[in-house]
Asks: 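Structure in C-alpha cells, see below.
Below, chain A is the first sequence line, B the second, and so on; all start at residue 1.
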Number of protein chains: 4
Amino acid sequence: MPTQKIPVAILGATGLVGQRLVLRLADHPWFELVGLAASGRSAGRPYAEAVDWKLPGAVPESVADRVVVQADPGAVTAPLVLSALDASVAGEVEEAFAAAGRAVVSNAKNHRMGPDVPLVVPEINADHLALVAAQRARRGGDGFIVTNPNCSTIALVLALAPLHAAAHVRRAVVSTMQASSGAGYPGVPSLDLIDNMIPYIGGEQDKIETEPRKILGRCDGSRVEFAPVTVSAQVHRVPVLDGHMISVNLETEWTLTPDDACALLAAYRGEPQEKRLPSAPEQPIVVDMRKDRPQPRLDRDAGRGMAIVVGQVRPCPVLGLHLEVLGHNTERGAAGGTLLVAELLAGRGLVPGFAAGPGPGPGSGPGPGAGAERAP
Amino acid sequence: MPTQKIPVAILGATGLVGQRLVLRLADHPWFELVGLAASGRSAGRPYAEAVDWKLPGAVPESVADRVVVQADPGAVTAPLVLSALDASVAGEVEEAFAAAGRAVVSNAKNHRMGPDVPLVVPEINADHLALVAAQRARRGGDGFIVTNPNCSTIALVLALAPLHAAAHVRRAVVSTMQASSGAGYPGVPSLDLIDNMIPYIGGEQDKIETEPRKILGRCDGSRVEFAPVTVSAQVHRVPVLDGHMISVNLETEWTLTPDDACALLAAYRGEPQEKRLPSAPEQPIVVDMRKDRPQPRLDRDAGRGMAIVVGQVRPCPVLGLHLEVLGHNTERGAAGGTLLVAELLAGRGLVPGFAAGPGPGPGSGPGPGAGAERAP
Amino acid sequence: MPTQKIPVAILGATGLVGQRLVLRLADHPWFELVGLAASGRSAGRPYAEAVDWKLPGAVPESVADRVVVQADPGAVTAPLVLSALDASVAGEVEEAFAAAGRAVVSNAKNHRMGPDVPLVVPEINADHLALVAAQRARRGGDGFIVTNPNCSTIALVLALAPLHAAAHVRRAVVSTMQASSGAGYPGVPSLDLIDNMIPYIGGEQDKIETEPRKILGRCDGSRVEFAPVTVSAQVHRVPVLDGHMISVNLETEWTLTPDDACALLAAYRGEPQEKRLPSAPEQPIVVDMRKDRPQPRLDRDAGRGMAIVVGQVRPCPVLGLHLEVLGHNTERGAAGGTLLVAELLAGRGLVPGFAAGPGPGPGSGPGPGAGAERAP
Amino acid sequence: MPTQKIPVAILGATGLVGQRLVLRLADHPWFELVGLAASGRSAGRPYAEAVDWKLPGAVPESVADRVVVQADPGAVTAPLVLSALDASVAGEVEEAFAAAGRAVVSNAKNHRMGPDVPLVVPEINADHLALVAAQRARRGGDGFIVTNPNCSTIALVLALAPLHAAAHVRRAVVSTMQASSGAGYPGVPSLDLIDNMIPYIGGEQDKIETEPRKILGRCDGSRVEFAPVTVSAQVHRVPVLDGHMISVNLETEWTLTPDDACALLAAYRGEPQEKRLPSAPEQPIVVDMRKDRPQPRLDRDAGRGMAIVVGQVRPCPVLGLHLEVLGHNTERGAAGGTLLVAELLAGRGLVPGFAAGPGPGPGSGPGPGAGAERAP
C-alpha cells in the first residue's frame, strides 16, 4: 500500500550518516524516501554522482538517478525530514523546515538543548514528545524539531536507563574509545590513527556529560527537569571503523549487584519494542559476559546495529559498579537512532497530515497510519 | 675503565623486552653485558640466530655472535641479572639465581608481592630497598630479588606519586588503552586488532589495582604497609605498537587544583635524577597541556622512553581530578624500568662484590657510587 | 524435503574457514550439516565451547550444542566431507576419508597437485571432474578427493580464465596484497601488521605460479596437461582483515584491448551459473572501472563474497594488459569456494549414494537430487 | 664558523615534508636555517604556533619562535631555498625565486620535466647539473631550479641505476605499496585505510613511468636524452605511516643473476659518498636477503632514512629478475632527498655567492668545497 507510506526526505543525504539513512530507507515499511537534499555543491546532480559512497556495495538503484536538491523547504516537500546535516548549517536549515510546518528529526547538536526540543532515545523518554505540543504552540504551526542525541550519549544512556530507573544513578566516570566514523568523512586523517590514538574530540565531553541529564530527566509537558546525575567523561579516538566503546564506572543511590544489573539490562524494553517499530531491535541491550567482550568489530552489528552490547559488569571498588558498553555509532548512534525517533513520531501520529493509525499488526507492513484519513 | 664495569646478564634475552635490554646495554656506562640467557630452544645458538629481532635496525654487532646460554646460575656468572623471563618460568629461575648469590632485577610478576621483595619505581620508593637486607637474612647469602612493576602500573603510579605525597590519593578510577607490544611476540593476533579493540588482558586489572598500594606504601625495613589507595581498573588492548594510555580520575584527601597538579607533576624528581643514574630521564613526568595530547606515537619516546607524559589535567566532577597518562610500556614499563632499578642497586652498592665505587671514569656521570665511602 | 538433503560434515570445523563453512551450511538448501569434526583437543566438547568464534554475531544455535567429533571416518558418517583442516594433518585424514568411500572436498594444499586429483574452480574447469572416475578406479571404491585452490590462485585464475579462453594468456607478473585472515587464527601477530607489511608468505608464491597452470590445463579424463602460462608472483601480507588484492600484468598471444577484456570479464559465466548452484554468484566477475576500485573493505562482499571484482584495466606498456583483482580470501578463496565445489559434485551426482536429480527449478530448495532413488 | 654556513630557507615549512626539513636543518654542518616561509594563513605567526607538528617530540627550540614569512623572494633573503610547497602553488613561487637569483631545490612535481631543469638523484645523475648553466643562460641571472623526483621514483630508480649501468634495464613492471604520509597531512582519511587499501593515487603512475627515463638519461649540457627504459606501474596506498614498498620485475639487455644484482646493488656509490655530503648514507643501497624483508617499519630508517633496502632478489620467470625495494618516502623520498640535492649544489659551488669553499671547520667533514680552488 504505497499510498499510505509517509513521504520522507533526508537533509545531508551525501554524508556518511546520510548514506546509512538512504540504505535504511531504501525498503522501509512505513516511509517512502522522496527527497535527497544536501548543501550547495551537490544540489542538481544525480545522487550516485553527488555522493562519495563509502559503504560496501553500490548506491541503491532506487535512488542512484534521483537528483539531489537544495536543503530548503521550498525544494523539499516531504512532511517528515531526517536531518544528517553538519552542525555548521543544521541550526538554521532545520529551523526553516520546522517553520514551514515539517516534522524534523535531527541528528545534529544544534537544537538538542532547546528547552522545548525533545532529546529522545525512544526506549527511554518517549514521553518527552509531550514537548512537541509546546513547541508547536510557540511556532504557531504543525512543524517542530525533535533531536537524536550524540552517538556516545545514546549508547551510554541506554545502559544507564534501566539502572537509573531501578536504583538511581548518581555519578558516573566515563572513558570512551570512539570509532573513526564518528567524525564523518574525510574526518580523522589516517596519519593520526595508524599506530596512534587521540584523547580529544572537540565538544564531545560536554555532550556526554550534559545530554544524559536531559534524557533521563522528567518532562512536565512544557520543559524538562534534568536528572541529578553527574557524569565525568574523557573521550578518545581509536583506530576502529565503527563502534564506540565506553568504560563506565557508576554509583547508584541504592545498591545494585552485578547480577541485578545484568538482569535489569537484559530485560529492558520500551515503546519501540511494545509498538514494534520497524527499526527497533527486539532486545535493545544485549548482555554478553564472556571475558573479552564486547568488541567493536564482532558486536557492533547486534540487533542490526540498533542494540548496544554490555559486558564487563562487575563491582567497582570506587563507585560501586563497572560496565563496558558498545554501541554502533553510525547506526544506533546516528542514522538508525534518528530513524527510530522518526518511527516513534509516526507511531504516535505526530507527522503533520498523518494521524496514527491502527499500526502494523503482526507480520504487516502497511505503516503507522494505515487507514488514516489523510488531511492536507 | 672497563674493569670497573659491573658484569650483567639478561635472562630471557630473546623476547621483546630482552631485545630492548640488549640495545640499552650495548653501550652502557656502568654495566657490561656478559651473558645472554634464554629458555631451552635458544641455548647454544648465536644470539643473532636465536632471536627473532623485532626492533628497527639490526642486532648490535657486539652481541650478534655471542652464544645464548641456559638461564641457570651455573651457566651465567654475572653478579647482576636482569630477568625478562616469561612468568611461566621466571618464578623458579629467579629464585635459583638469588639462592646462588646474585642480585636479580625481575620484570616478571612472580615475586612482586613477596613480603620482603621490593617492588620499585626508583623515583618513588627507592627506600623500599631496605627489604634487601631482610631478604638476604632470610636467604643466608648475598643474593636477592628486586622487582619492576607491571607496565601500566609504572606509568600510573609515577603520575600518582607526586599527587599522593602532596594531597593523599584516596581513590582512582582507571581505564587503560594498552599497546600490542605489552603482550610480547607473537602476542595479540592481528585479526583481533584490525578494526577492533579488546576490553580484556588476563590478570592485568588485578595488578593495576594492587601494585600501586605496595609501591606507595611505607617500608619499615622488614615489610611494607600498603597505602590506603583504592584503584578500580578496566583495561583495553588497542591497535597501537608501543605506549600505554591511561585515563585516570582520582580523589585526594586534600584538594588539588589542576594547576597544583601540573606543578607537582612537572617538578617531580627522585633518587635517579639526584644521582644522575644513566637511564634516568631528566624530568620523569612531562606535562603537556595541548588539547589533543598525550598521543602514543608522538609522545612515547619522551625522555628516551623513560618519561611519562601527562595531559588532560582538569577537574573531574565526580572524583575531583582527571589526568591522561602515557608511558612507553616496553621502555619505562619494562626494559628501561628494569635497568633503572639495576642502576639504583648499583648506585647503592647492592650488587654483590661491587661496592658503590668511584665509577667508570671521565665523561660518564658520577658513576654508581661516586663519593661513596663503602668498602667491599 | 529434509530427507532429500545430502548429509555433510566439516573437518576442521573450529578454524576460521570452518567457522565460515558452519555459517554457510546453517541454512543450506541442498546440504544438511550433520558432522563437526576437528583435531584432538576439540573433540568431545560442544561446538560453542570448542570454537573460538571469530565472526560477527554468535555461533548459530543449530550447531552450538552439537558435540565435536574426531576427524576420522569412524566418527563421521556423512558421505560428503568438506575439509578445512590444516595442511599439517589434512593429507592423511583426507586420504582416510576417501579410502572410506567418502567424497572429500579439500581446502588444503596437500593433494592439489595429485595427478588424478581435480583442482577445481567450478566456473572454469568443471570438466576436470572427469578425474574422479580415474581416482575411484585407482582406489577401488566410491571415495575420492577434489581440491579447492589456494585463496590467491582462485581470484587470479578467475580473472585470467576468460582472457585465456579468448586470447591465450602466455605470461603474467603478479603482485599480491593479502589479508591477515589468509593465515588463519592466531595467524599473523599484530606487531607485524601495525604500521607495517611483509613481503613473504611461506610457500605462497609457488602455489600462485603453479596452480593456475593446472586449472587452465586440458583434462583428457586420466590426467591434466598443464597450460603453457608462466606466472611470476611476489606476495605481500598487508593490514587488511579479508580480501586479497592482486595486481596483474599479463601478455596474451592475441591482442586484447582493455575494452575487450572488460567485456569478456563481465560476461563470464560457467556451470555454477547455468545450473544455478546455491552458492554461485550471478556474475562471478564484477568489473568496476571507477578510478579508485577495487578496495578490499568495500568490494570483498560482492556476490556474497563469491564474486571477484576487477578494475584498473588498462594497457600495460610492458606486457600488454593490466588488471587489479580483488577476491574474498576466506569466502570465494576458501569456505565458499570449497562449498561451491561440493555443490558442483552434488549437481553432477558424484556424492556417493546421491544421484543427480532434476535439480532445483526456479525458486525451489529441494536439492540436487530431488526425487532421486537414494541407495544405501 | 657560522659565517661560513650557507643561509637556507624552507618554502612550505609547515607541511609534513617541511617539518622534516626543519629537523634536518636544525643542526646542519653546512647550512643555517634562516627562513621559514609558508602560504597565506601561516605567515606572520611564530613557527610553533603556525605548524601542526606531526613528528615525535617537540618543535626544535631554535625555530619555535621564529616568525613564518610569506613564500616570496621579497620576504625571504636566503640564496638557497628548499621548496616543500604543494604543487598547486609551487610552480609560480619557485619560478619567482629563480628569477630573483636564488638556487631553488624543489620537491614539487611542477618543474621536474622542464627541458633544462635537472631532475636529480645525487648518486645517479649529478652530471645533469650541467643544465644549471643552460638554465641560468635562459634566465639571465644566477637563479635556477633543480628538482627532487617523486618519492616512489627515487627508491625505484636508485635500485635500477646500478643494474642499468651494468646490464641496461629495458623493461620493468612495478607495483607500489605506498605509505600514508606520501599524501601529506591531512592526506588520506583514516576511514579509507582502516581494514582497507586503495589502488589509486592521482598522477602517481605517470610520474613513476616517466621520471626514471629522465634520471637515467644522458645529459649533453643543454638537454637530457631519455633512457630507453619502459616502466609499467600500478600504485597502491596501504595502511603504513612511512616507507614505500615497491615490487619490481625487470628485464635487462644483458643477463643478470640474482647474485650479480645483489653485488652491484650493495657496491653502489656516487658523488654524495665520494664527497661525504652530510646527509649521504654510507651505503645508499642495503641488500637484505632475509626471507621476510624488507619491511617498512623495521627497515625504513636505514641510513637515517637515506638508504633504500632491497630484498627478495631472485629470478623472475617472466622478465628475468625480481626485486623488492623499500625507501623512506618522506626522508630519502622527500625532505632528505631534497636536502641531499642542496648539499650536492653546495659541494659544487652552485649556490649563488657561495663558491665551493673550505667548509665549516673541524669535526664537520670535508665541507661543501673542501679543497676547491673556485672563487665566486
Side-chain angles (χ1 to χ4, degrees), chain A residues 170-177 179-180 191-202 205 209 230-243 245-251 290-300 311-312 314-320 322-326, chain B residues 170-177 179-180 191-202 205 209 230-243 245-251 290-300 311-312 314-324 326:
Chain A
R170 285 295 162 247
R171 307 196 297 170
V173 170
V174 160
S175 174
T176 73
M177 285 138 282
S180 170
L191 285 174
D192 285 336
L193 286 185
I194 296 176
D195 183 18
N196 203 28
M197 54 179 295
I198 302 173
Y200 176 76
I201 301 169
Q205 288 169 179
E209 295 183 349
T230 303
V231 176
S232 174
Q234 171 66 45
V235 300
H236 307 84
R237 184 76 71 191
V238 295
V240 165
L241 278 169
D242 287 303
M245 292 271 281
I246 314 178
S247 185
V248 185
N249 293 68
L250 59 87
E251 188 180 76
R290 280 177 287 177
K291 71 178 180 184
D292 59 358
R293 302 303 267 262
Q295 293 179 25
R297 186 164 55 81
L298 298 181
D299 296 318
R300 63 194 172 204
Q312 310 291 330
R314 62 171 179 272
C316 161
V318 170
L319 290 173
H322 175 270
L323 319 169
E324 191 82 14
V325 180
L326 174 78
Chain B
R170 286 294 162 247
R171 308 196 295 171
V173 169
V174 160
S175 174
T176 73
M177 286 139 282
S180 171
L191 285 173
D192 285 336
L193 285 186
I194 297 175
D195 183 18
N196 204 28
M197 55 179 295
I198 303 174
Y200 176 76
I201 300 169
Q205 286 168 181
E209 295 183 350
T230 303
V231 176
S232 174
Q234 171 66 44
V235 301
H236 308 84
R237 184 76 72 192
V238 295
V240 165
L241 278 170
D242 287 304
M245 292 271 280
I246 315 178
S247 185
V248 184
N249 294 67
L250 58 87
E251 188 180 76
R290 280 176 287 177
K291 70 179 182 184
D292 59 357
R293 302 301 268 264
Q295 293 179 25
R297 186 164 56 79
L298 298 181
D299 296 318
R300 63 194 172 204
Q312 310 292 330
R314 62 171 179 273
C316 160
V318 170
L319 290 173
L321 194 67
H322 175 271
L323 319 169
E324 191 82 14
L326 174 77

Asks: Do B:Met197 and A:Pro296 come close enough that some side-chain heavy atom pair is under 4.5 Å?
Replies: yes

Asks: Of all heavy-atom pairs between A:Val318 and B:Ala172, which one has the smallest distance, and what is that distance?
Replies: CG2-O, 3.6 Å

Asks: So which atom in A:Arg314 and which in B:Ala233 form the shortest heavy-atom distance, rounded to 0.1 Å?
Replies: NH2-O, 3.2 Å

Asks: Could you measure the distance from the CD atom of B:Gln234 to the CD1 atom of A:Ile246? Nearest 0.5 Å is fine.
Replies: 13.0 Å

Asks: Is the side chain of A:Arg297 donor-acceptor paired with the backbone N or O of B:Leu191 at a distance under 3.5 Å, no angle test?
Replies: yes

Asks: Non-hydrogen atoms of chain A under 4.5 Å away: do they reach the side chain of B:Met245, the backbone, both or neither?
Replies: side chain

Asks: Quick check on B:Ala179 against chain A: is it the side chain, the backbone, both or neither that has a heavy atom closer than 4.5 Å?
Replies: neither

Asks: Let me know if B:Val238 has heavy atoms under 4.5 Å from chain A in its side chain, its backbone, both or neither.
Replies: side chain

Asks: Distance from B:Gln312 atom CD to A:Tyr200 atom OH, nearest 0.5 Å?
Replies: 9.0 Å

Asks: Go through B:Ser232, B:Pro294, B:Gly243 and name the one with the most non-hydrogen pairs under 4.5 angstrom from chain A.
Replies: B:Ser232

Asks: If you define the side chain from C-beta out and look only at heavy atoms, does anything of A:Asn196 sit under 4.5 Å from B:Val240?
Replies: no

Asks: Hey, could you give me the CZ/SG distance between A:Arg171 and B:Cys316, rounded to the nearest 0.5 Å?
Replies: 8.0 Å

Asks: Given a strict heavy-atom distance threshold of 4.5 Å, which part of B:Asn249 is in contact with chain A: side chain, backbone, both, or neither?
Replies: side chain

Asks: Looking only at the side chains, is there a donor atom on one of B:Arg237 and A:Gln295 sitting less than 3.5 Å from an acceptor on the other?
Replies: no

Asks: Is B:Arg293 in contact with chain A via its backbone, its side chain, both, or neither, using a 4.5 Å heavy-atom distance?
Replies: backbone

Asks: How many angstroms lie between atom CG of B:Asp192 and atom CG of A:Leu298, to the nearest 0.5 angstrom?
Replies: 8.0 Å

Asks: Please state whether the side chain, the backbone, both or neither of B:Ile201 comes within less than 4.5 Å of a heavy atom of chain A.
Replies: neither

Asks: With heavy-atom distances below 4.5 Å as the criterion, would you say the side chains of A:Glu324 and B:His236 are in contact?
Replies: yes

Asks: Heavy atoms only: give me the nearest A:Pro317-B:Val231 pair and the separation to one decimal.
Replies: CG-O, 3.6 Å

Asks: Once rounded to the nearest 0.5 Å, what's the spacing between atom CG of A:Leu241 and atom CG of B:Asp195?
Replies: 4.0 Å

